[in-house]
Amino acid sequence: MARNIGSRYTAHQILGRGSAGTVWLGEGPEGPVAIKLLREDLASDQELVGRFVQERTALLGLDHPHVVAVRDLVVDGNDLALVMTLVRGTDLRTRLDRERRLAPEAAVAIIADVADGLAAAHKAQVVHRDVKPENILLDMEGPLGPGGSHPALLTDFGVAKLIDTPRRTKATKIIGTPDYLAPEIVEGLPPRAAVDIYALATVLYELLAGFTPFGGGHPGAVLRRHVTETVVPLPGIPEELWQLLVQCLAKAPASRLRASELAVRLRDLLPLLAGIPPLDVDEPGGDEAEQQPAAYDEQQYTPSAEEPRRRGAVPLVPGSSPDSNRDTHTSMRVPAPDELAGGPLGTARAPRSPGRPRPGSARNKAAAVRKRRITLGAAALLLCAAVAVGGWFAAGGGDGDPAGPQDSENSAPATP
């Protein structure tokens with residue numbers, strides 16, 4: 001059923017739903033458009049509406065081939081909407097769901113396109129803050145690139161920033177999707193351009209491996225891994241690409257590349273990747289219990305024992321429709337320092353060397369028991385040996401034993 005959006009646009013059919021709103025196929029004065037209609041509770045927030053108006057110039061000013069352009073902002077009664085260029089294709093999450101992982105050449109070409117879009121945004125002092133496969137669109141009508149990749153465009157610029165207002169989110173809350181959050185955001189620092197680089201590198205890792213480097217299990221544990229864990233290597237890709245990934249996933253923001261540098265470096269690597277098939281990588285299993293709860297807009301959610309644990313992006317809206325994680329900006333509690341360090345309340349997986357059992361895992365506990373038994377056995381043997389030697393000395397069996405003071409005195413030669 002069609003509905004009017006302001007006086008210039010008509011929404012005809014729903015293209016997708018998300019926790020922030022609904023995307024419609026619409027029509028405007030210049031032809032077809034995509035209309036992101038935000039939730040009614042957001043539209044009734046006068047502070048948020050004011051921020052929309054303030055951000056209008058910045059959002060409308062982002063004009064780049066790899067950014068989905070925002071054409072208009074509509075504030076009309078209960079309607080609060082972004083009118084965007086219509087991209088005829090699909091999002092990267094849908095392709096990942098279908099293929100699980102991409103050939104390295106196609107994956108790198110897609111991420112290079114997105115890095116170009118981020119470079120233009122960062123130059124305009126705009127930080128995306130929610131880079132993830134759901135927010136990367138593939139233009140199926142565009143020319144094919146390296147590895148048969150379709151042109152990639154980044155969408156939803158400014159939505160996370162608009163929703164993240166001081167009144168809506170306290171200082172102890174963070175906005176974003178757990179799998180792609182940079183460590184500095186988890187620690188409560190303000191988001192800078194480097195958070196987009198970290199998220200984009202996480203997406204590249206996911207395209208190559210089929211899972212995110214720190215995802216899986218409960219969101220609270222995912223957040224801690226970003227701070228405490230090191231990324232697991234991916235076999236089968238050139239060392240140059242792996243080092244680029246490691247640099248962009250660095251815990252320190254200053255160590256990461258800028259978006260423009262990343263785009264150039266990725267395109268330089270494309271000839272090395274031609275013909276390499278998708279990687280054959282085993283998805284890590286969950287060998288620990290992820291039980292630390294995280295806050296979801298002032299309510300808690302604990303996954304049931306039957307709920308499958310997967311390594312991909314974690315839906316943040318409990319009990320929601322299947323596609324509601326396509327556009328998620330959910331408020332979560334910032335973990336305390338002891339939780340980030342894996343304290344009594346935490347279950348974060350600490351960094352480990354390849355081949356070594358992870359702390360807290362069943363293998364690690366079994367190894368600890370064996371070590372404890374060996375230590376106790378050795379101590380018992382030493383104690384028995386000490387008792388035996390002591391008894392031998394007490395019986396006078398030691399020829400070389402030093403005599404006590406009384407023995408010395410009794411054995412001294414008499415003096416005339």
Side-chain angles (χ1 to χ4, degrees), residues 55 58-59 61-70 92 104-105 107-133 135-137 145-146 149 151-161 164 174-177 179-208 212-214 226-227 230-231 234 237-273:
E55 296 291 335
L59 293 176
L62 278 179
D63 184 15
H64 190 273
H66 295 295
V67 172
V68 179
V70 176
L92 189 54
E105 185 180 17
V108 167
I110 288 171
I111 299 304
D113 283 351
V114 179
D116 276 335
L118 280 177
H122 293 170
K123 186 176 181 181
Q125 305 299 310
V126 176
V127 179
H128 190 287
R129 300 176 64 176
D130 200 24
V131 176
K132 56 185 178 182
N135 287 336
I136 297 172
L137 303 185
S149 62
L153 296 87
L154 190 58
T155 188
D156 269 7
F157 270 99
V159 174
K161 180 178 180 182
D164 182 14
I174 51 181
I175 294 290
T177 307
D179 286 41
Y180 310 93
L181 282 177
E184 60 268 30
I185 296 182
V186 179
E187 294 180 318
L189 299 177
R192 308 294 185 196
V195 306
D196 289 342
I197 302 302
Y198 184 92
L200 188 58
T202 300
V203 175
L204 175 55
Y205 188 104
E206 184 178 12
L207 295 182
L208 296 170
T212 55
F214 304 115
H226 284 293
V227 178
T230 55
V231 62
L234 289 178
I237 61 174
E239 180 66 16
E240 295 90 340
L241 177 57
W242 174 245
Q243 292 303 324
L244 192 63
L245 263 174
V246 170
Q247 184 174 0
C248 292
L249 288 171
K251 306 301 183 189
S255 299
R256 301 171 204 149
L257 295 173
R258 290 191 292 270
S260 57
E261 297 170 331
L262 177 59
V264 171
R265 295 274 296 276
L266 287 173
R267 289 203 165 88
D268 288 344
L269 289 174
L270 286 173
L272 292 176
L273 305 174

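Remember, predicted model here, so these are calculated numbers, not experimental data.
- A distance of 7.0 Å separates CD1 in Ile136 from CG in Leu207, rounded to the nearest 0.5 Å.
- Judged as a side-chain hydrogen bond (donor to acceptor under 3.5 Å, both in side chains), and not counting sequence neighbours, the contacts of His122 are Asp196.
- A search for side-chain hydrogen bond (donor to acceptor under 3.5 Å, both in side chains) contacts involving Glu240 returns nothing, not counting sequence neighbours.
- Within the model, atoms CD1 of Ile197 and CZ of Arg256 stand 9.0 Å from one another, a figure rounded to the nearest 0.5 Å.
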List the steps and the verdict of side chain to side chain contact (heavy atoms under 4.5 Å, CB included) for Glu261 and Gln247.
-> CA-CA 12 Å; Glu261 297 170 331; Gln247 184 174 0; over 6 Å; no
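- Between atom CG of residue Leu137 and atom CG of residue Asp156 there is a gap of 8.5 Å, rounded to the nearest 0.5 Å.
- Ring planes of His226 and Phe214: perpendicular class, angle over 60° (limits at 30 and 60°).
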Step by step, would you call Leu204 with Leu241 a side chain to side chain contact (heavy atoms under 4.5 Å, CB included)?
-> CA-CA 10 Å; Leu204 175 55; Leu241 177 57; 4.3 Å; yes
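- Residues Pro213 and Val231 approach most closely at CB-CG2, 3.8 Å, considering heavy atoms.
- Taking each heavy atom of Glu184 and Lys251 in turn, the nearest pair found is OE1-O, 4.0 Å.
- Of the possible donor and acceptor atoms, one in the side chain of Asn135 sits under 3.5 Å from a partner among the backbone N and O of Asp130.
- Considering CG of Leu262 and CG of Leu245, their distance stands at 9.0 Å, rounded to 0.5 Å.
- Separation of atoms CD (Glu206) and NZ (Lys132) is listed at 11.5 Å; rounding is to 0.5 Å.
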Kindly indicate, with the supporting measurements, whether the criterion side chain to side chain contact (heavy atoms under 4.5 Å, CB included) is fulfilled by Tyr180 and Val131.
-> CA-CA 7 Å; Tyr180 310 93; Val131 176; over 6 Å; no
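- Considering all non-hydrogen atoms of both residues, Ala112 and Ala263 come closest at O-CB, 3.9 Å.
- No option in Leu118, Ile110, Asp116 other than Asp116 meets the side chain to side chain contact (heavy atoms under 4.5 Å, CB included) test with His66.
- The heavy-atom pair separating Thr202 from Asp179 by the smallest distance is CG2-O, 3.4 Å.
- Atom CG of residue Leu62 and atom CG of residue Leu154 lie 9.5 Å apart, to the nearest 0.5 angstrom.
- Residues Val227 and Pro183 come closest through the heavy atom pair CG2-O, 4.1 Å.
- When all heavy atoms of Pro146 and Leu270 are compared, the pair lying nearest together is CG-CD1, 3.8 Å.
- Not a single donor-acceptor pair under 3.5 Å links the side chain of Arg258 to the backbone N or O of Ala119.
- Counting only distance, with no hydrogens or angles, the side chain of Arg129 and the backbone of Arg192 share no donor-acceptor pair below 3.5 Å.
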